[in-house]
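Protein chains get the first letters and strands the later ones, always in sequence-line order, with residue 1 at the start of each. The basis for the numbers below is simple: all heavy atoms, side chains too, and nothing from hydrogens, waters or symmetry mates. Since this is a predicted model, take the numbers as computed values, not measurements.
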2 protein chains.
Amino acid sequence: MEFKEAKEQFLQTWGALGSQWGINKTMAQIHALLMISPDSLSMEEIMEELQISRGNASMNLRGLIDWGIVYKEYKPGERREYFKADQDVDSLARKIAIERSKREIQPTLRVLEDVRNFDENTSKEAQKFKQKTQELYDFVSRADTMLEKITNQKENWVTKTIMKLMT
Amino acid sequence: MEFKEAKEQFLQTWGALGSQWGINKTMAQIHALLMISPDSLSMEEIMEELQISRGNASMNLRGLIDWGIVYKEYKPGERREYFKADQDVDSLARKIAIERSKREIQPTLRVLEDVRNFDENTSKEAQKFKQKTQELYDFVSRADTMLEKITNQKENWVTKTIMKLMT
DNA sequence: AAAAACTTTCATATATTATTGAAACTTTAA
DNA sequence: TTAAAGTTTCAATAATATATGAAAGTTTTT
């Protein structure tokens, strides 16, 4: 396999993984491209490399910046903006975990809480519903706490966690 | 809020959460519906409750059975098949984690491994690429190991893990 | 063996999501 | 102040993922 080919396959695979986990393909690809680039890239270069339109590049770069995992860089004497990715894989994963918790898990918890306060109703269905939504609430909220504990370790959190779990 | 309304909102929210995490909405909803139903449900009942077609119900039920989180149940003297969900939230989450690892994480690891074996090339780009794909490989594989360790505990794995992390 | 009761399949339709590209906007330099 | 260089927005379009429903397939009952 040639380098160019390997790079291509990596970008494709990473994009596919992204979409399976609710991150849009292009966003995942731009991020992957920036990760493996020794130098920061301009929007033009990104468009060229991934064969995407200006609008698409612009929107997804903004998304990545919102997630806090890509930065703008201004080169002295240059008008154009350059983009670079957070280089530390651990910190990247930590940021994603924190953001997804904030954006998705916590809103879900709020709904699960809400939904148990329906008007008195003693039917079998209602009882079961109360019970299961409570169980789900407990589970999700414990999982969220766990994620928080794991990611609160500043460095090498995955490794540290495995160590602790070795018992 | 009335019970019916609460139930409705729960099914909607759970469906939305599913799609954000790469599980199709209907599949998530059928599962949620079965979770909160005191009795197992026939396909007709599911179609009725979620307002979906027979084909849709059939395919997604099969998907859920493939994931190992929904079972068919035959009632004595009845022709029709009934469906029920795994009732234990912990075991549910464990099964999902195991399946997603098998279906998505492990194939990705294989590609990451492959992709580093490109023909000799000492360019700066190629060096950086080797380095980052290696880092990603290490991270993903450690994360997968961690997930495995966590979910290998048969019961209450989230709680147990939090305990261990309390240091 | 054929009708009845039910399930599955799959080509087509629909809905959702992502992408494009041209116009509008912003900033800098001449 | 206006042209040039660059960025953002967003309505239109394309691509993708999901859902439908009728036909084909099963299994059971008569």
Side-chain angles (χ1 to χ4, degrees), chain A residues 11-34 40-67 70-84 100 103-104, chain B residues 11-34 40-67 70-84 100 103-104:
Chain A
L11 293 174
Q12 284 311 119
T13 306
W14 207 251
L17 189 70
S19 20
Q20 274 160 340
W21 290 85
I23 288 154
N24 110 17
K25 189 182 109 190
T26 306
M27 196 182 280
Q29 286 185 337
I30 294 179
H31 181 263
L33 176 62
L34 291 174
S40 54
L41 301 176
S42 68
M43 200 182 289
E44 294 288 343
E45 290 167 316
I46 293 168
M47 285 162 59
E48 166 63 23
E49 185 93 40
L50 299 175
Q51 293 292 304
I52 58 172
S53 72
R54 187 173 296 287
N56 198 6
S58 171
M59 283 167 81
N60 285 111
L61 278 166
R62 183 137 65 82
L64 287 164
I65 290 168
D66 288 347
W67 279 84
V70 162
Y71 312 103
K72 281 189 182 178
E73 212 176 44
Y74 298 93
K75 297 198 178 180
E78 283 231 51
R79 177 65 181 290
R80 188 176 301 194
E81 297 175 323
Y82 286 81
F83 300 89
K84 64 184 273 237
R100 291 202 80 155
R103 296 184 192 196
E104 296 152 14
Chain B
L11 293 174
Q12 283 312 117
T13 306
W14 207 248
L17 188 70
S19 23
Q20 274 160 340
W21 290 85
I23 288 155
N24 109 19
K25 189 182 108 189
T26 306
M27 196 183 282
Q29 285 185 338
I30 293 179
H31 182 264
L33 175 62
L34 291 174
S40 53
L41 300 178
S42 67
M43 199 182 289
E44 294 289 341
E45 289 168 317
I46 294 168
M47 286 162 59
E48 167 61 26
E49 186 92 40
L50 299 175
Q51 292 292 305
I52 58 173
S53 73
R54 188 172 294 287
N56 197 6
S58 172
M59 285 170 73
N60 284 111
L61 278 166
R62 182 136 67 83
L64 288 165
I65 290 169
D66 289 347
W67 278 86
V70 161
Y71 311 103
K72 281 189 183 179
E73 211 176 45
Y74 298 93
K75 296 200 177 176
E78 282 231 50
R79 176 67 181 289
R80 189 176 300 194
E81 296 174 323
Y82 286 80
F83 300 89
K84 65 185 273 238
R100 291 202 80 157
R103 296 183 193 197
E104 296 152 13

Original post:
Any side-chain N or O of B:Arg80 under 4.0 Å from OP1/OP2 of C:dT7?
Top reply: no
Original post:
Between atom CG in B:Leu61 and atom P in C:dT7, what is the gap in whole Å?
Top reply: 10 Å
Original post:
5'-most contact on DNA chain D: A:Ser19 or A:Tyr82, nearest heavy atom basis?
Top reply: A:Tyr82
Subject >> Whole angstrom value for the distance that separates P of D:dA5 from CE of A:Met43 >> reply: 17 Å
**OP:** Indicate the atoms forming the closest heavy-atom contact of B:Ala57 with B:Met43, along with that distance.
**Re:** CB-CG, 3.8 Å
**OP:** Measure distances between side-chain N and O atoms of A:Arg54 and base N and O atoms of C:dT20, and say whether any donor-acceptor pair falls under 3.5 Å.
**Re:** no
**OP:** Please state how far atom CG in B:Asn60 lies from atom P in D:dA17, giving the value in whole angstrom units.
**Re:** 15 Å
**OP:** Would you tell me if any nitrogen or oxygen in the side chain of A:Asn56 comes within less than 4.0 Å of OP1 or OP2 on C:dG21?
**Re:** no
Original post:
How do A:Lys25 and A:Arg79 order along DNA chain C: which one's closest nucleotide is nearer the 5' end?
Top reply: A:Lys25
Original post:
Rounding to a whole Å, what distance do you find between B:Glu48:CD and D:dT20:P?
Top reply: 13 Å
Subject >> Separation of atom CD in B:Gln51 from atom C1' in C:dA15, rounded to whole Å >> reply: 17 Å
Subject >> Distance-minimising heavy-atom pair for B:Arg80 and B:Ser42 >> reply: CD-CB, 3.3 Å
Original post:
Rounded to the nearest Å, what distance is computed from the OH atom of residue B:Tyr74 to the C1' atom of nucleotide C:dT7?
Top reply: 10 Å
**OP:** For side chain to side chain contact (heavy atoms under 4.5 Å, CB included), just list the numbers for B:Ile46 and B:Glu49, CA-CA rounded to whole Å, side-chain angles, deciding distance to a tenth of an Å, and then say yes or no.
**Re:** CA-CA 5 Å; B:Ile46 294 168; B:Glu49 186 92 40; 5.9 Å; no
Subject >> Side chains of B:Thr26 and B:Gln29, donor plus acceptor under 3.5 Å >> reply: no
**OP:** Please assess A:Trp67 against A:Met27 for the test side chain to side chain contact (heavy atoms under 4.5 Å, CB included), listing each intermediate value before the final yes or no.
**Re:** CA-CA 11 Å; A:Trp67 279 84; A:Met27 196 182 280; 4.3 Å; yes
**OP:** Take the protein atom CD of B:Glu78 and the nucleotide atom C1' of D:dT27, then report the distance between them rounded to whole Å.
**Re:** 16 Å
Subject >> Closest listed nucleotide, where the reference is the side chain of A:Asn24 and the choices are C:dT8, D:dA5, C:dT19 >> reply: C:dT19
Original post:
Can you tell me if the side-chain N/O atoms of B:Ser58 get under 4.0 Å from OP1 or OP2 in C:dT9?
Top reply: no
Original post:
In whole Å, what is the span from the CG atom of A:Leu64 to the P atom of D:dT7?
Top reply: 16 Å
Original post:
Can you tell which of D:dT18, C:dT9, D:dG21 lies closest to the side chain of B:Thr26?
Top reply: D:dT18
